[in-house]
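This report refers to the structure that appears directly beneath it.
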Amino acid sequence: MPEQTPASRLWQVPDGDLTAIGVAREERLRIAYAEMLEFVGESEQRGLGKSLGFKDTSAFLTDTLRISAREAKQRIDHARATMPSSSLTGVPQPPPQAATGKALTAGDINAEHVHAITTTFQACPAEIPVEQREADERILVELARQAGPEAVRKAGRRLRAIWEQETAPPEDKDRGQAHPLRRLDITRRKDGSIRFSGELDAETAEELDGLLGPLAKPHRNPETGEHDTRSPAERAGDALAEIIALAARCDELGTQGGERAVMIVSVTLAELENRARHAFLDIPGISSVDGLRRLACESKVVPAIFGNNAAPLYVGDASRFATPAQRRYLAARDGGCAFPGCTRGPKWTTPHHVVPWSVDKRTDADNLVLLCGRHHRVIHHTQWEVRMNGHLPEFIPPPWTDHERKPMRNLAHTTPPRYQQAA
């Protein structure tokens, strides 16, 4: 088995097998963490720390395992939340997060996923029925199986907001929906600049956080390669300026801030493969037919690629772009980027042709899927595949991620049926 390859010989392993080794070892780490939680839970039940002279289980773990008090507390919390309640209390009853414990034991999720889920349910109101808690937990666990911890935390915040709304007194619900708390105080300076402060309701704050997050990330200077020297506050300010500029083009928001200028790129396949692109057009990072096709998906580019004997290999057409009505339908159907686990909303996505436009010239909605920039690259340049199953897109992972290559759908935008009915 590739995963048994000694570390000293990893340099001999092909790329695909090396990736499979990494996935298998990560799975073993997750299973080992589940086994550690079993030990922690048993120690807590026995009162092992006190019997050995320590103040409590946390002090016992901190000293014996040489971990921080914070890590010890987190492991105790995770053990209490994921182990069968009878192990810790002696009273048989459904465990608070049984699905989380099973997924961890199977190696499907990691410690960060567990922390995101358990933290969410620590804030679950007592009025929420057990059946509802269990159903909501399964939603987060399924999301964790295909997405990173940050996506689970975001879904958890959304879930907590729903719980709060469900358990709030009727008068508070009506007041909050009719008059959400939003306030903006602006002080204008003599030079025309402004200083402002204010507050937003939870729903609007979540939307703003989703907008600021990707735009406020640090990035390298494309000319010098230097690291971003802006402070977090400066990055947030620049991000807000981008959002304001986007809002100023509100009539074009349905097409992600407007279309770029139309370009016709004519190049022989030999020129493209020899990377002589600077002779005809300077597009950083585009040096292959696949790269040019991906760029054509993201902006209004009409590529015309010819063979050495002027034989047309790929000719695009501006009419292949989704209409505003199609974009609205895709936003409702996909909820945002459709790639498994991605939380990017519709405004940060581009319609991608499942069957390439060059094959059958189809731009109907059943041949389109919304993808963010990152996952657009993944589909074009890796072994991930996308296909339509009826009217819905599904993604086929690479063999090193899942040797059975089971189709996946994105659960990050999914709302539980009962909440859809209440909405």
Side-chain angles (χ1 to χ4, degrees), residues 23 26-27 29-31 33-34 37 78 81-84 94-124 128-163 166 206 210 333-345 369-372 375 378 384-387 389-398 401-423:
V23 172
E26 171 63 21
E27 184 177 298
L29 282 174
R30 297 171 179 181
I31 294 172
Y33 187 69
L37 294 189
H78 290 179
T82 59
M83 289 188 62
Q97 282 98 61
T100 306
K102 289 179 179 178
L104 179 64
T105 302
D108 294 340
I109 63 176
N110 61 35
E112 284 192 275
H113 290 127
V114 173
H115 190 65
I117 296 171
T118 56
T119 300
T120 297
F121 281 91
Q122 285 172 355
C124 182
I128 300 297
V130 173
E131 296 79 8
Q132 182 176 330
R133 286 173 57 102
E134 292 175 347
D136 291 341
E137 180 202 357
R138 288 193 294 271
I139 291 172
L140 295 186
V141 170
E142 286 305 310
L143 176 59
R145 284 191 169 101
Q146 64 173 220
E150 182 52 44
V152 178
R153 283 192 286 269
K154 183 175 182 179
R157 291 195 294 269
R158 192 163 63 239
L159 196 56
R160 288 198 299 270
I162 292 173
W163 289 337
E166 285 190 338
E206 184 73 18
R333 185 196 72 187
D334 296 344
C337 178
F339 193 89
C342 186
T343 61
R344 301 301 294 273
V369 57
L370 293 183
L371 294 175
C372 67
H375 291 120
V378 167
W384 275 92
E385 300 173 13
V386 59
R387 70 186 185 190
N389 186 346
H391 300 289
L392 297 174
E394 61 183 19
F395 294 76
I396 312 299
T401 299
D402 178 2
H403 67 277
E404 296 182 3
R405 305 199 73 185
K406 296 178 182 177
M408 303 171 63
R409 288 179 180 161
N410 191 2
L411 303 177
H413 308 298
T414 301
T415 302
R418 66 176 180 281
Y419 299 141
Q420 293 175 350
Q421 295 169 2

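Here the structure is a predicted model, which means the values were calculated and not measured. Keep in mind that the numbers below use all heavy atoms, side chains included, and drop hydrogens, waters and symmetry copies.
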For [X], give me all partners under side-chain contact (heavy atoms from CB on, under 4.5 Å), at least two apart in sequence or on another chain.
X	value
T119	H115
L29	E26
A338	D334, V369, P393, F395
A111	Y33

Next on the checklist: Between W163 and Q132, does the side-chain contact (heavy atoms from CB on, under 4.5 Å) criterion hold? Intermediate values first, please.
Outcome noted: CA-CA 10 Å; W163 289 337; Q132 182 176 330; 3.9 Å; yes
Checklist entry - Can you name the residues that form a side chain to side chain donor-acceptor pair (under 3.5 Å) with D108, not counting sequence neighbours? => result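 Applying side chain to side chain donor-acceptor pair (under 3.5 Å) to D108 gives R145.
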Item to check | Within residues 131-158 or reaching into it, pairs that qualify as ring-ring contact (aromatic ring centres under 6.0 Å, His included) - sequence neighbours excluded | outcome: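 Every candidate ring-ring contact (aromatic ring centres under 6.0 Å, His included) pair involving residues 131-158 fails, so no pair, neighbours aside, qualifies.
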Checklist entry - Are any non-hydrogen side-chain atoms of I396 and P407 less than 4.5 angstrom apart? => result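 Side-chain contact under 4.5 Å: yes.
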Next on the checklist: Is the shortest side-chain heavy-atom distance between P149 and N110 below 4.5 Å?
Outcome noted: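 Counting from C-beta outward, P149 and N110 do come under 4.5 Å.
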Checklist entry - Between E150 and R157, is there a side-chain N and carboxylate O pair less than 4.0 Å apart? => result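 Salt bridge flag = yes for R157 with E150.
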Report yes or no: does [X] contribute a side-chain atom to a donor-acceptor pair with the main-chain N or O of [Y] at less than 3.5 Å?
X	Y	result
E142	L411	no
E166	I128	no
H78	G101	no

Item to check | Approximate separation, where rounding is to 0.5 Å, of H413 NE2 and R333 CZ | outcome: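 Interatomic distance, H413 NE2 to R333 CZ, rounded to 0.5 Å: 11.5 Å.
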Item to check | From I117 atom CD1 to L104 atom CG, the distance as rounded to the nearest 0.5 Å | outcome: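 Reported to 0.5 Å precision, the distance equals 9.5 Å.
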Next on the checklist: For H375 and R344: C-alpha separation, side-chain torsions, deciding distance, then whether side-chain contact (heavy atoms from CB on, under 4.5 Å) applies.
Outcome noted: CA-CA 10 Å; H375 291 120; R344 301 301 294 273; over 6 Å; no
